[in-house]
Amino acid sequence: LVRAYTEAAQAALAVLPRAERVERRDGILAVSYALYERVRLLITAHHGEAISEDFAGDITLGVRFAVEDIPGYEVALTALSNGQIETIWL
């Protein structure tokens with residue numbers, strides 16, 4: 001009985017999808033229309049995703065990044081915007 005249970009459990013576990021847990025953080029930033037497309041490309045290049053966009057006087061982007069990707073993203077964003085854009089992490 002124990003052997004049958006063990007084999008059934010192993011068979012069930014073998015077909016389950018596996019995923020790695022990655023700690024993520026959300027943030028928001030305001031971007032001018034002039035920099036919008038380049039900031040979107042920068043987000044993608046650093047493995048982030050834009051989770052919301054609000055078009056008004058400036059564009060407010062909601063972003064999500066794996067914690068390990070944030071430092072590289074922030075350095076690149078600072079360089080792109082000459083230090084004018086900062087992400088506020090929630």
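Of the candidates L80, T60, L77, L61, V31 forms a side-chain contact (heavy atoms from CB on, under 4.5 Å) with just one, namely L61.
Minimum interatomic distance between V22 and A66 (heavy atoms only, all atoms of both residues): CG1-CB, 3.6 Å. Between R25 and L90, the shortest heavy-atom distance links the atoms NH2-O, 3.9 Å. The two residues D26 and W89 make their nearest non-hydrogen contact at O-CE3, 3.5 Å. G72 and H46 get closest at one heavy-atom pair: O-CE1, 3.5 Å. Scanning both residues, I28 and G62, for their nearest heavy atoms gives CG2-CA, 4.3 Å. In plain terms, the two heavy atoms of A50 and I43 that are nearest each other are N-CG2, 4.2 Å.
Atom CD of E74 is separated from atom CD of E86 by 7.5 Å, given to the nearest 0.5 angstrom. For the atom pair L42 CG and E37 CD, the distance stands at 12.0 Å (nearest 0.5 Å). Residue R24 holds its CZ atom at 10.0 Å from CD1 of I70, rounded to the nearest 0.5 Å.
A salt bridge links E53 with R40; the closest basic N to acidic carboxylate O contact falls under 4.0 Å.
Side-chain atoms of T87 never come within 3.5 Å of backbone atoms of G27 as a donor-acceptor pair (strictly under, hydrogens ignored).
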Assess the residue pair V63 and F65 against the criterion (side chain to side chain contact (heavy atoms under 4.5 Å, CB included)); give the C-alpha distance rounded to whole Å, side-chain angles, the decisive distance to 0.1 Å, and a yes or no. CA-CA 7 Å; V63 295; F65 280 89; 4.0 Å; yes
Is there a side chain to side chain contact (heavy atoms under 4.5 Å, CB included) between R38 and L35? Walk through the geometry before answering. CA-CA 5 Å; R38 291 193 299 181; L35 287 178; 2.8 Å; yes
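More than 12 heavy atoms of other shown residues, nucleotides or ligands fall within 6.0 angstrom of atom CG in L13.
Grouping the Ile, Leu, Val, Met, Phe, Trp and Tyr side chains by contacts below 4.5 angstrom, directly or via other members, places Y33 with I85. Linking Ile, Leu, Val, Met, Phe, Trp and Tyr whenever their side-chain heavy atoms come within less than 4.5 Å puts V39 and F55 in one cluster.
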